[in-house]
There are 2 protein chains.
Amino acid sequence: MEALTPAARRVLDSAAELFYGHGINAVGVDLIAKHAGVTKKTLYERFGSKEALISAYLRERDERWRAWLTAQVDAAPPQDRILATFDALAAWMRRENPRGCGFVNAAAELPDADHPARAVIADQKHWLRGYLRELCEEAGASEADDLADELLLLHEGATVLNGLSALADPVAVSRRMALAALERAGL
Amino acid sequence: MEALTPAARRVLDSAAELFYGHGINAVGVDLIAKHAGVTKKTLYERFGSKEALISAYLRERDERWRAWLTAQVDAAPPQDRILATFDALAAWMRRENPRGCGFVNAAAELPDADHPARAVIADQKHWLRGYLRELCEEAGASEADDLADELLLLHEGATVLNGLSALADPVAVSRRMALAALERAGL
DNA sequence: AGAGGAGTAAACAGATCGGTATACCCGACC
DNA sequence: GGTCGGGTATACCGATCTGTTTACTCCTCT
């Protein structure tokens, strides 16, 4: 991660807060610049375009999530690592996800498959699936691929429902289904 | 459903196609009017505001989904009705959901909790959960509430992943997990 | 002492936003 | 044979959109 200038740092923080909180298309660069205490000139010098700023926002959100998830999993006892991903998700959502998955929300606003941010979104989901697969293999699952698919679906379901207040505690539901899936897989 | 004038019908159809395909905030009323072969005056006379048009779009999408789901479930043999909801979802998504759940996407773009369309979105999720709960009760589940939570989460997970092409066949994954959940509930 | 990077302030461009206004047309009903 | 609902066409409103430009200041590193 190439170090950002102080102004660029504030721009990216403001973009993250505003994009996630109000939606990408609902937030203009004028507002971001004003919120960051920066002129548009500085914003464009540092990031080049709104498109690139969106990508940077998603990339950094992904980095934060990965760091949080792996740290929580690493801190869990070996036999609990898979379930620990759901505890990590619950804690993350309490702090950072009142409006659902930032990547799913971004995808909803960026229908163009060629938009550079779409690659960041796809990356996020593929990384998570790969990570879950690794954890399944380490746990000795015989069908790690299938189990990883199931765990990913539980993660996504819980994340999206968390933003819709349709269920009281979606992560608890997904965690208990994950436990059942692990038992079914003989773990 | 109060009958729409022909022009209003075209407006609503155009709005549905454009809102779902490109995102709500990315589509202006000028574009909708042009796509429908209608002037903005007509659009505003029939719907009053973009806000109301968004609500009407979501309401009709919800109606179509409910009609489709209940018809498919009714056509299934009694012991297969719960799993039939996943088959109905699979068929629906093949035709109508290449970009994920229209309601989740709309929620991503409408952060304001007071927006009238938010009530339509909440309605859609609550109705589905209630419907799944009914099916669970009819099937004789002892813990219909918990089972309905799990099935709803599987539905949402499959729907959102379907729009992200992170898994090859998310509905198949959720259907197989639903089957496991039913077995675990003794059904 | 001087150069260059990082920043501010403010105006501008062309397009589009949601929404309104004026003026006209046509076919069905009474 | 008018009246009126539903519709068309076109122009306009102020605001906001992404992005650019010009002119200037401050700080740090050599």
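Just so we're on the same page: letters track the sequence lines, and every chain starts at 1.
B:Arg59 and B:Glu63 are not joined by a salt bridge, as no carboxylate oxygen comes within less than 4.0 angstrom of a charged side-chain nitrogen. Contact check on A:Lys125 versus A:Asp62 returns no salt bridge, with no Lys/Arg side-chain nitrogen under 4.0 Å from an Asp/Glu carboxylate oxygen. With respect to the salt-bridge test (charged N to carboxylate O, under 4.0 angstrom), the residues A:Arg9 and A:Glu60 qualify.
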N/O donor-acceptor pairs under 3.5 Å from side chains in residues 175-187 of chain A, not counting sequence neighbours:
from     : atom 1 : to       : atom 2 : distance (Å)
A:Arg175 : NH1    : A:Asp87  : OD1    : 2.8
A:Arg175 : NH1    : A:Asp87  : OD2    : 2.8
A:Arg176 : NE     : B:Glu150 : OE2    : 2.8
A:Arg176 : NH2    : B:Asp146 : O      : 3.0
A:Arg176 : NH2    : B:Glu150 : OE2    : 3.1
A:Arg184 : NH2    : A:Glu150 : OE1    : 3.4

Let me have the donor-acceptor pairs involving side chains of residues 26-33 of chain B, under 3.5 Å, with sequence neighbours excluded, atom names and distances please.
from    : atom 1 : to      : atom 2 : distance (Å)
B:Asp30 : OD1    : B:Lys40 : NZ     : 3.2

Could you list the donor-acceptor pairs under 3.5 angstrom formed between side-chain atoms of residues 78-86 of chain B and any protein atom two or more places apart in sequence or on another chain?
from    : atom 1 : to       : atom 2 : distance (Å)
B:Arg81 : NH2    : B:Glu138 : OE1    : 3.4
B:Thr85 : OG1    : B:Ile82  : O      : 2.6
B:Thr85 : OG1    : B:His155 : NE2    : 3.1

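As judged by a 4.0 angstrom heavy-atom cut-off over every strand, B:Thr42 is placed among the base-contacting residues.
Between the CD atom of B:Glu45 and the C1' atom of D:dT8 there is a distance of 11 Å, given to the nearest Å.
For B:His126, the side chain to side chain donor-acceptor pair (under 3.5 Å) test picks out no residue, with sequence neighbours left out. With sequence neighbours excluded, no residue forms a side chain to side chain donor-acceptor pair (under 3.5 Å) with A:Glu134. Take A:Pro116 and apply the side chain to side chain contact (heavy atoms under 4.5 Å, CB included) test, not counting sequence neighbours, and it matches A:Glu51, A:Ser55.
Relative to the six-membered ring of A:Tyr131, A:Arg66 misses at least one condition, a distance below 6.0 Å or an angle of at most 45° to the axis.
Using a 4.0 Å cutoff on non-hydrogen atoms, no part of residues 107-118 of chain A comes near DNA chain D.
Screening residues 94-122 of chain B for ring pair (Phe, Tyr, Trp, His ring centres under 6.0 Å), with sequence neighbours left out, gives no hits. Applying the ring pair (Phe, Tyr, Trp, His ring centres under 6.0 Å) test to pairs two or more places apart or on separate chains, none has a residue in residues 133-154 of chain A.
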Quiz item: Tell me, for nucleotides 12-23 of chain D in 5' to 3' order, what letter each nucleotide earns: B for a base near a protein heavy atom under 4.0 Å, S for only sugar-phosphate near one, - for neither?
Solution: -----SBBBBBB

Write out a two-atom table: protein N or O, nucleotide N or O from nucleotides 27-29 of chain D, distance below 3.5 Å.
none

Practice problem: Show the numbers, then the answer: is there a side-chain contact (heavy atoms from CB on, under 4.5 Å) between A:Val11 and A:Arg46? | Solution: CA-CA 9 Å; A:Val11 168; A:Arg46 298 292 135 224; over 6 Å; no

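With a cutoff of under 4.0 Å to any heavy atom of chain A, the contacted region of DNA chain C is bounded 5' to 3' by C:dA6 to C:dA9.
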